[in-house]
*Asks:* 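If you scroll down you'll find the structure; I have some questions about it.
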Amino acid sequence: MQSDPGRILGSLPGMVFTALPSGSINYMNDCLAKFVGLSTPCTWRMANSGDDGFDQHEDWKRRLALADAFEVDLAILDGAGRPRHLVVRCNPMMEDGRITTWCGMALEASPSRETEFQRIIDSIPVPVAVTTPSGDVRSLNQPALDYFGMSLEALKEWKAMEVVHPEDLDRTIEDQIAAHVNGAFYNVESRHLRADGVYRWHNVLGLPLRDVDGEILCWFHLLVDIDDRKTAEIELADRQREARLIPESIPAGVSVLSPDGGIEAANGHLLRYYGRTLDEIRTWPHDDLVNPDDEEHITEVMREALAGSAPFDIELRLRRADGIYRWFQVNGHPMKGEDGTVIRWYVLHVDVDDRKRAEQALAERERESRLIVDGIAGMIAIFSPVGELTGGNQQLLDYFQLPLEEVKHWDTNGITHPEDLQLCIDTFMGSIKSGEPYDYETRFRRHDGVWRWFQLRGLPLRDEGGRIQRWYGLLTDVDDRKRAEEKLRQSEAFLADAQRLSRTGSFAMTLDSERVSWSAETYRIFEVDPTTSDVPFATVLSRVHPDSIQTIKRVIEQARNGGDFDYEIVLTMPDKSSKNVRVLAHSERNKDGNQELTGAIQDITDSRKAEEALNEARSELSYVTRATSLGVLAASIAHELNQPLAGIVTNASTCLLALGADPPNIEVANETARRMIRDANRSADVIVRLRALFSRKPPTIEPVDVNEIAMEAIALATSDLQRARLVVTTHLHEGLPLVAGARVQLQQVIMNLLRNAIDAMSKAVGRSRRIVIRTEPSLGGDVQISVEDAGVGVAESDMDRIFDSFFTTKQDGMGIGLSVSRSIVENHNGRLWARANEEEGITVSFTLPPYVPPATARIETLPS
């Protein structure tokens, strides 16, 4: 079933109408009717028909007669006689080669009508796709983007994705291609993938938009959600099919009776049992189908049921095709109409012959069971099908030393431990309702007041028909075992805590099978799912750094001969981070004769990092020590510089005298000039040595694309983002100028800001899990980069202090990151600042000047 296109057009928020081939308007939606102040049916009241020899009314009829889509500007009079200017686009709807209706869209004529037209499309409350005449996606409205949860660029490849259900894709493409070839409206039903991964049925309507020459400009595809209707149709079809199959699928006889009790129908199961046709059993129950001893009883039951329109349930014997009578439970229910009268009866015939025979045998078995229960050396409780204690052996009564009538109130009389009572009630009654065996542990108070643990196991006793006759419960004293388990649990907990605090895990590995068993801390160190049992050795090797693989293999080979081992290796985690671990192990044969390697593994990453930090600090201290020696060396440096500088002055004076002589002494002047060059080089060498001693190599300044370094910084922080379950949204402005800077240093600034945002978001609860990185042009031609979070924020009084050295708002922070970032930005002639967001979190931004090539810089510095 497909939707009416007119109903879809009527729901559009733009001004739409339909016209007859004669030119009269036979439908306008509310938006157009309000604008022109007219109601249908009507004709356009042309404002200038006949003026200047041009008749709009005749032109309108002429265009309709051409049978081609067109666009025309109309000047009409509204209901109040006021002029209205419209831009009207019309498409013909064809049937058997003739026009049946014209569909039109009207826009108020203005310089921005295209924008208005697009706004109308965007405001349509259903997903709309606009495609080119060849079928390529050109644009989507917001409901479409929201439904699919994907970008326009991604949805342009919808044919290669699962946007359309795979079962519907080929048909959808074929229908669209056929419509594009014929240029005709199309209507198809297909399933589309919603953003949450659910496919829903849609009625897809395709409409071509043509220009004044009839050429198709684009196609509009409206997706109307019909999933609820389709689901209802499918469910209805299923129910109808089930209604036909149910009687035949029921593993029992089913007959349908008329209101007066006559047989109208019977399923195959019942006919096969009787070995007769439907017509042959219509005389039931007045025939040999019913045992003569039961015929009078069933006749009376049926008479009362038909008279009172009430259900009936009776057991009687029915004759099988081979002449044997078997017991059946016959259950009849009336089907009534809305007025309460009986329409027909449905009667179910269930063979209970085996059950009847079993009941007789059960009585005998119960007598035997009682003797067996009393002879069991354990506590036995017997319950009714509804859970009431009906009996128990002598051991049960001896434990409580209470009469059975008092023991049956175990849920209220205090013999069940208060802490276990609710568990007992929930578990026991849950099994009573479900019919499933129960198995749980609780504490019962002995007659001397001592609480002891018991394991309760219960099984239902069922008859041949599967109905529960009673429950048997076995109460096993497990108090000694429970106390031993508690001690073991405490011991294991102490060991686990000790391993966690010391970051030391344990392992065992059978060398022949290469299967590894780990403690909980070892799983944490290797970052493997703790539910994984018997970890394969391949998993261990996948975490080992390539440089440490040979160490592992060498230890395994040596361990086959036994011995003790102490070594360190490096692990590589899934997020590419590294861990340093120390392994202490011992190899010997276990009780099964297999060589087994057991030991402990300790995470020493922090200590290694501390050692590296100490070495780095020592290096920094060495540098600071050299720098502090500057005062001591200043005098000798000055003395070393004074000598060549004095020589330069003396030689310069000599050179001037030589040049000023008459005639000038060129030879002396040349010699003194060479000596000045020599002394100047000596001075330069002094400066070079000084810079090498007290300066570090300056960064390389180059043209940098801020969008590229932003994406590189995000890639570097991917693991941190994944661990924090955060998403980075980028708004990178295209066409930004390159900036002058050191790429690595600018990356460091963005990384610092990104890490601060991650830390702030990790402490925020119930907020957006998104960080926004934005690049955009700034005032004065600079480029601005911003990092926005929704974290815990910063107090207003601390907003200006967060860039000071050693000031931090974190418990474990050092207050260095933002201070270093500000130094880097300022060294790049930029500015760094922060501001609080309107709702939550802060935004940290910095600007950088655009890159100016050296040649351009030289030209700009020349005087005009």
Side-chain angles (χ1 to χ4, degrees), residues 500 503-505 507 516 518-532 535-553 555 567-583 601-616 704-730 732 742-763 769-773 787 789 791 810 812-814 816-817 820-821:
R500 179 176 55 83
R503 296 186 178 183
T504 302
F507 68 91
V516 185
W518 282 347
S519 67
E521 184 61 18
T522 308
Y523 280 102
R524 188 202 66 77
I525 292 174
F526 278 85
E527 297 184 11
V528 172
D529 184 359
T531 60
T532 306
V535 182
F537 188 60
T539 301
V540 178
L541 293 179
S542 69
R543 293 290 195 271
V544 177
H545 190 278
D547 295 342
S548 300
I549 291 292
Q550 291 303 321
T551 301
I552 294 292
K553 293 182 177 180
V555 169
Y567 56 96
E568 292 185 12
I569 59 174
V570 178
L571 305 180
T572 301
M573 298 298 103
D575 61 358
K576 307 305 180 183
S577 62
S578 297
K579 288 184 180 180
N580 297 86
V581 295
R582 181 186 179 189
V583 184
I601 180 168
Q602 184 178 25
D603 186 346
I604 59 173
T605 304
D606 290 344
S607 62
R608 287 291 176 265
K609 288 182 178 179
E611 290 176 5
E612 293 175 0
L614 179 60
N615 292 333
E616 184 176 350
V704 176
D705 186 334
V706 294
N707 289 341
E708 289 183 0
I709 63 172
M711 294 306 297
E712 290 169 358
I714 294 172
L716 291 173
T718 297
S719 59
D720 293 335
L721 291 167
Q722 291 175 345
R723 282 195 294 271
R725 296 184 178 179
L726 295 175
V727 175
V728 173
T729 299
T730 58
L732 307 180
R743 189 182 196 89
V744 175
Q745 290 187 358
L746 295 181
Q747 275 184 357
Q748 184 62 41
V749 173
I750 298 177
M751 283 292 294
N752 284 341
L753 302 186
L754 192 54
R755 286 198 179 98
N756 286 343
I758 293 172
D759 292 340
M761 293 284 285
S762 65
K763 300 175 183 177
R769 309 295 296 170
R770 185 178 67 173
I771 297 172
V772 179
I773 295 182
V787 178
D789 65 64
K810 307 176 195 173
D812 55 348
M814 297 180 62
I816 297 297
V820 172
S821 297

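Side chains included, hydrogens not; waters and symmetry mates left out as well; all remaining heavy atoms used.
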*Asks:* What's the spacing between L746 CG and I709 CD1 if we round to 0.5 Å?
*Replies:* 4.5 Å

*Asks:* With a 4.0 Å cut-off on N to O distance, would you call E527 and R543 a salt bridge?
*Replies:* no

*Asks:* Rounded to the nearest 0.5 Å, what separation is found between the CG atom of D575 and the CD atom of Q722?
*Replies:* 8.0 Å

*Asks:* Within the 4.5 Å heavy-atom criterion, are Q748 and N752 side-chain neighbours or not?
*Replies:* yes

*Asks:* Taking the side chain as everything from C-beta on, heavy atoms only, tell me whether T504 gets closer than 4.5 Å to E521.
*Replies:* no

*Asks:* Tell me the closest heavy-atom pair linking S578 and T605, and the distance in Å.
*Replies:* O-CG2, 4.0 Å

*Asks:* At their closest point, which heavy atom of L754 faces which heavy atom of A713, and how far apart are they?
*Replies:* CD2-O, 4.0 Å

*Asks:* Where do G791 and D789 come nearest, in terms of heavy atoms and distance?
*Replies:* N-OD1, 2.8 Å

*Asks:* Does M573 offer a backbone N or O that forms a donor-acceptor pair with the side chain of K579 under 3.5 Å?
*Replies:* no

*Asks:* Is I601 close to F526 at the side-chain level, that is, under 4.5 Å between some pair of heavy atoms?
*Replies:* yes

*Asks:* Say you draw a straight line from CD of E712 to CD1 of I750; how long is it, rounded to the nearest 0.5 Å?
*Replies:* 9.0 Å

*Asks:* Given side chains that start at C-beta, do those of L721 and I771 come closer than 4.5 Å, heavy atoms only?
*Replies:* yes

*Asks:* Apply salt bridge (Lys or Arg N to Asp or Glu O under 4.0 Å) to R770 and list each qualifying residue two or more places apart in sequence or on a separate chain.
*Replies:* none

*Asks:* Taking C-beta and beyond as the side chain, do I552 and F537 meet within less than 4.5 Å on heavy atoms?
*Replies:* yes

*Asks:* Taking only residues two or more places apart in sequence or in another chain, which ones pass ring-ring contact (aromatic ring centres under 6.0 Å, His included) with Y523?
*Replies:* W518

*Asks:* Output yes when a side-chain donor or acceptor of S519 lies under 3.5 Å from a complementary backbone atom of G505, and no otherwise.
*Replies:* no

*Asks:* When rounded to the nearest 0.5 angstrom, what is the spacing between CD1 in I714 and CE in M751?
*Replies:* 10.5 Å

*Asks:* Partners of D547 by side chain to side chain contact (heavy atoms under 4.5 Å, CB included), sequence neighbours excluded?
*Replies:* H545

*Asks:* Please tell me if the side chains of I525 and L571 come closer than 4.5 Å, counting only heavy atoms from C-beta onward.
*Replies:* yes

